[in-house]
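Structure below; questions to follow.
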Amino acid sequence: MKLSDFRDLDFQNAGNWPQGVKMTFCVLLFGLICLAGWYFQIRSQQEDLETKERQEQTLRADFSKKQAKAVNLEALRQQLEEMKDMLRQMLRQLPSKTEMPELLVDISQTALSSGIENDLFQPGAEQIKEFYAEKPITLRMVGTYHQFGAFISGVASLPRVVILTMHDVSLRPQPPAGAAPGAAARTALTSSGMLALEGTVKTYRYVDDDESVPAQPAAPGAVPAAPAKPATGGTK
């Protein structure tokens, strides 16, 4: 096969081409077909194969983690039941429904015994949550810094565990009765040392098993609110 054989080719009469030229064109055509097949078919399948292999590795790792959890499933269930028992015992330390009225009286009497004046002590409507109930109390108390400290200490010493959380509570100096505005009034205010505590506090009790929790439809996308932080010194 010579180079001239390729120069003098008659593409309208391919049947009369030399045998070597025919073989060369067959090899080139076969190569082009293989290249086109790889580009349009095999390449995408190779990419899919690589994706599937990565998914397989991810699934294998996930399976290993779940298998490890499944092996310890019984121990985890037992641990969960123990935690539930501990939670129930802790909740039982809170006042019950029948003890709540007496508890409110004890809180009010503790304030009076500490020397605090109860200008307002008004319990509100109780709200039952999933496993506890909260009782809001609107109050206004007047006393000194040490009297409020004695009040908190007295609440912490009550027989039942008492949790008081504060909401929108303000503590301001209490001006003396009949004090006129001005420098003299500010001097009398500083010397009296009286403070006025007003706002809303909440106390809590556990919910009995026979009490039903009222259904409250949640707004779409709403996130349940976290319980408020207890006031410092108001827990036991």
Side-chain angles (χ1 to χ4, degrees), residues 37-104 106-107 123-137 152-153 155-169 199-236:
W38 174 86
Y39 184 82
F40 292 105
Q41 294 292 332
I42 300 178
R43 188 183 67 163
S44 60
Q45 293 179 1
Q46 285 181 338
E47 293 176 352
D48 292 340
L49 177 61
E50 293 175 356
T51 302
K52 298 297 183 183
E53 288 177 347
R54 289 193 295 269
Q55 291 179 353
E56 180 185 9
Q57 294 176 358
T58 302
L59 292 174
R60 284 180 178 273
D62 189 31
F63 174 77
S64 299
K65 292 180 181 179
K66 292 183 178 180
Q67 186 181 31
K69 292 181 179 180
V71 171
N72 299 324
L73 180 60
E74 193 61 34
L76 291 174
R77 286 178 175 173
Q78 184 177 359
Q79 185 178 4
L80 177 61
E81 291 299 325
E82 293 176 355
M83 294 176 64
K84 288 182 178 179
D85 291 338
M86 292 176 59
L87 178 60
R88 282 191 290 266
Q89 293 175 7
M90 294 175 63
L91 289 176
R92 292 293 176 179
Q93 296 179 15
L94 293 175
S96 64
K97 183 177 181 180
T98 57
E99 293 173 327
M100 183 59 74
E102 182 180 354
L103 175 66
L104 296 177
D106 290 341
I107 294 175
E126 188 177 70
Q127 297 180 1
I128 298 180
K129 304 297 182 179
E130 183 178 359
F131 53 85
Y132 67 93
E134 61 181 24
K135 184 83 169 177
I137 304 173
I152 296 298
S153 178
V155 170
S157 300
L158 292 176
R160 271 296 192 178
V161 173
V162 180
I163 298 178
L164 291 178
T165 59
M166 297 186 177
H167 305 263
D168 301 326
V169 173
T200 301
V201 299
K202 292 182 180 180
T203 186
Y204 303 87
R205 69 170 179 86
Y206 72 85
V207 176
D208 296 327
D209 297 335
D210 57 351
E211 293 185 70
S212 60
V213 180
Q216 297 179 354
V223 179
K229 296 182 178 179
T232 303
T235 61
K236 182 179 178 181

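Side chains included, hydrogens not; waters and symmetry mates left out as well; all remaining heavy atoms used.
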Check your understanding: Roughly how far, to the nearest 0.5 Å, is the CD atom of Glu53 from the CG atom of Asp48?
Key -> 11.0 Å

Point to revise | Sequence-distant partners of Thr58, side chain to side chain contact (heavy atoms under 4.5 Å, CB included), two or more places apart | key: none

Study note, to complete from the structure: Taken in chain and number order and not counting sequence neighbours, the residues that satisfy side chain to side chain donor-acceptor pair (under 3.5 Å) with Asn72 are none

Review point. Would a distance-only check, ignoring hydrogens and angles, find a side-chain to backbone donor-acceptor pair under 3.5 Å from Lys135 to Gly124?
Key: yes

Point to revise | Side-chain heavy-atom pair Lys129, Gln127 within 4.5 angstrom cut-off | key: yes

Exercise for review: May I ask you to decide whether Arg60 forms a salt bridge with Glu56, counting only side-chain N to carboxylate O separations under 4.0 Å?
Suggested key: yes

Check your understanding: In Å, rounded to the nearest 0.5 Å, how long is the span from CD of Gln45 to CD of Glu47?
Key -> 10.5 Å

Exercise for review: Would you give the length of the straight line joining atom CG of Leu73 to atom NZ of Lys69, rounded to the nearest 0.5 angstrom?
Suggested key: 11.0 Å

Point to revise | Reported CG-to-CD1 distance for the pair Leu49 and Ile42, which is rounded to 0.5 angstrom | key: 12.0 Å

Practice item. For residues Gln78 and Glu81, determine if any side-chain heavy atom of one lies less than 4.5 Å from a side-chain heavy atom of the other. Key: no

Revision key, fill the gap. Output for pair (Asp62 CG, Gln57 CD), nearest 0.5 Å, gives 13.5 Å

**Study point:** Closest non-hydrogen atom pair between Val207 and Ala133, with its separation
**Key:** CG2-N, 3.7 Å

Exercise for review: Taking all non-hydrogen atoms of both residues into account, name the closest pair between Thr203 and Met100 and its distance.
Suggested key: CG2-SD, 4.1 Å

Check your understanding: Can you find a heavy atom in the side chain of Leu104 that is under 4.5 Å from one in the side chain of Ile137?
Key -> yes

Revision key, fill the gap. When Glu126, Glu99, Glu134 are each screened for side chain to side chain contact (heavy atoms under 4.5 Å, CB included) with Arg205, the one that passes is Glu126

**Study point:** Distance in Å, Asp106 CG paired with Ser157 OG, rounded so as to fall on 0.5 Å steps
**Key:** 12.0 Å

Practice item. For Val201 and Val169, work out which heavy atoms get closest and say how close. Key: CG1-CG2, 4.3 Å

Review point. Do other residues, nucleotides or ligands put more than 12 heavy atoms under 6.0 Å from the CD atom of Gln46?
Key: yes

Exercise for review: Would you name the heavy atoms of Ala125 and Pro136 that are closest together and state the gap between them?
Suggested key: O-CD, 3.2 Å

